[in-house]
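To start, the structure itself, in structure tokens.
Quick note: numbers below take in every heavy atom, side chains included, and nothing from hydrogens, waters or symmetry partners.
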Amino acid sequence: MAVVTEIDRRSALRAGAGAALAGAFAAGCTESEPAQHAAARPASAPPAPAKQPQPAAQTPRPAATPRAFPGQPEQIEHGPRDRPRVALTFHGQGDPAVAKAVLAEAERAGARVTVLAVGTWLDEQPQMARRILDGGHDLGNHTLHHTSISAMSEQEAYAEITGCADRLRRLTGSIGTWFRPSRTQYATPLVQKLARRAGYPHVLSYDVDSLDYTSPGATAVTRNVADRVGNGSVISLHFGYQDTVAALPALLDTLARRGLHAVTTTELLAS
């Protein structure tokens with residue numbers, strides 16, 4: 001009886017030890033399996049190529065907001081006369097192909113301009129707002145319908161200003177950097193007050209009129225500007241007229257020969 005018990009006890013011990021050894025072996029195989037596969041991989045196999053980072057999407061140029069220029073009048077006709085800068089300002093409406101040609105010509109010469117857009121034009125050509133801003137130009141408000149704002153009631157005039165401002169805000173996030181009244185060189189005191197209420201500290205006028213909207217021919221447009229331009233001038237031009245496109249190379253060349261740099265109105269007034 002005692003012998004049988006001792007045999008059984010030894011058998012049980014041997015069986016337990018074998019099971020423990022088998023478990024340890026199995027565990028060892030599992031932990032070393034990746035290493036075994038790595039060893040089996042041919043030495044000449046190239047490593048997997050690293051993922052190339054994707055280029056970041058370009059962020060559209062943010063739209064500037066109106067700002068006050070201390071020392072400048074409420075209605076600005078020109079900038080400082082002691083610096084060789086001028087502002088080419090364009091009334092924004094008409095054929096978008098002509099507008100794009102004007103912008104491209106200005107950009108080729110390294111010029112930056114100011115565009116005062118008509119609200120209904122932005123309704124028809126919403127892509128032009130981003131095109132202007134992405135070119136590094138100023139974008140502003142030239143009323144909703146481009147009718148005679150001086151002849152309107154207070155309610156009508158304010159609706160013209162805010163109607164265009166709303167469209168600019170929807171397209172760009174800003175009401176635009178400048179406001180210019182429609183069908184007049186100078187804003188009345190009432191229109192100036194309404195522009196302030198709408199968020200524009202200044203009204204933008206001009207001191208040089210190219211008269212390009214009369215279609216006098218490219219040579220006459222260039223001459224009209226060249227005869228009157230000087231340091232700080234704000235020049236009135238228009239999209240939508242072929243004479244303007246045709247005149248622009250000679251006009252920009254004339255400015256360059258006189259040492260005058262065409263900049264945005266914001267740059268013209270900045271210290």
Side-chain angles (χ1 to χ4, degrees), residues 59-70 72-77 79 87-94 96 99 102-103 112-206 213 234 236-240 264-270:
T59 303
R61 182 176 183 264
T65 55
R67 56 179 282 196
F69 289 89
Q72 290 292 336
E74 190 169 326
Q75 183 155 225
I76 294 175
E77 296 179 61
L88 303 177
T89 65
F90 290 85
H91 300 229
Q93 61 178 345
V102 168
L103 294 171
R112 295 293 176 264
V113 305
T114 300
V115 179
L116 293 314
V118 175
T120 52
W121 184 66
L122 292 174
D123 287 340
E124 297 166 0
Q125 310 296 337
Q127 77 283 357
M128 288 304 303
R130 181 49 54 191
R131 169 63 183 88
I132 292 162
L133 291 176
D134 286 349
H137 310 290
D138 271 358
L139 177 61
N141 178 333
H142 196 37
T143 74
L144 180 57
H145 294 100
H146 198 253
T147 50
S148 180
I149 196 169
S150 300
M152 295 178 189
S153 69
E154 179 172 342
Q155 183 178 1
E156 291 170 332
Y158 189 63
E160 281 292 311
I161 299 169
T162 57
C164 185
D166 289 344
R167 282 153 175 79
L168 286 165
R169 185 187 293 107
R170 185 176 68 246
L171 291 171
T172 72
S174 165
I175 63 171
T177 46
W178 298 97
F179 166 72
R180 173 172 286 171
S182 51
R183 303 283 182 177
T184 180
Q185 183 173 356
Y186 300 107
T188 64
L190 172 62
V191 171
Q192 292 180 48
K193 180 184 79 171
L194 297 176
R196 281 197 310 275
R197 187 193 303 171
Y200 301 96
H202 302 281
V203 169
L204 183 60
S205 183
Y206 49 89
Y213 62 91
V234 175
S236 173
L237 295 148
H238 294 74
F239 286 166
T264 65
T265 305
T266 300
E267 293 170 320
L268 180 73
L269 297 169

Study note, to complete from the structure: By salt bridge (charged side-chain N to carboxylate O under 4.0 Å, His left out), R183 pairs with (sequence neighbours left out) none
Check your understanding: Which distance, rounded to the nearest 0.5 Å, do you find between the CG of L88 and the OG1 of T114?
Key -> 8.5 Å
Check your understanding: When you measure from the side chain of T143 to the backbone N and O of P181, does any donor-acceptor pair fall under 3.5 Å?
Key -> no
**Study point:** Interatomic spacing from CG in L116 to CZ in F239 - rounded to 0.5 Å
**Key:** 10.0 Å
Practice item. Keeping the roles fixed (side chain from H137, backbone from I132), state whether a donor-acceptor pair exists under 3.5 Å. Key: no
Review point. Sub-3.5 Å donor-acceptor pair from the side chain of Q75 to the main-chain atoms of Y186, do we have one?
Key: no
Review point. Is atom CD of Q155 surrounded by more than 12 heavy atoms (other residues, nucleotides or ligands) closer than 6.0 Å?
Key: no
**Study point:** Side-chain (R197) to main-chain (K193) donor-acceptor, under 3.5 angstrom
**Key:** no
Review point. Rounded to the nearest 0.5 Å, how far apart are OG1 of T65 and CZ of R169?
Key: 11.5 Å
Practice item. Taking all non-hydrogen atoms of both residues into account, name the closest pair between V203 and A187 and its distance. Key: CG1-CB, 3.8 Å
Point to revise | Rounded distance (nearest 0.5 Å) linking atom CZ of R167 with atom CG of L144 | key: 4.5 Å
Exercise for review: Check the angle between the aromatic planes of W178 and H202 and answer parallel, tilted or perpendicular using the 30° and 60° thresholds.
Suggested key: tilted
**Study point:** From CA spacing to verdict: side-chain contact (heavy atoms from CB on, under 4.5 Å), D138, T89
**Key:** CA-CA 9 Å; D138 271 358; T89 65; over 6 Å; no
Point to revise | R180, Q93, E160 screened by side chain to side chain contact (heavy atoms under 4.5 Å, CB included) with H142, the one that passes | key: R180
Exercise for review: Quick one: pull up CG in L171 and CZ in R130 and give me the separation to the nearest 0.5 Å.
Suggested key: 9.0 Å
Check your understanding: Going by the angle between their ring planes, with limits at 30° and 60°, are Y200 and F179 parallel, tilted or perpendicular?
Key -> tilted
Review point. side-chain hydrogen bond (donor to acceptor under 3.5 Å, both in side chains) with R67: which residues, sequence neighbours excluded?
Key: none
Review point. Between atom OG1 of T264 and atom CG of L269, what is the distance when rounded to the nearest 0.5 Å?
Key: 8.5 Å
Check your understanding: Closest heavy-atom contact between N141 and I175?
Key -> CB-O, 4.3 Å
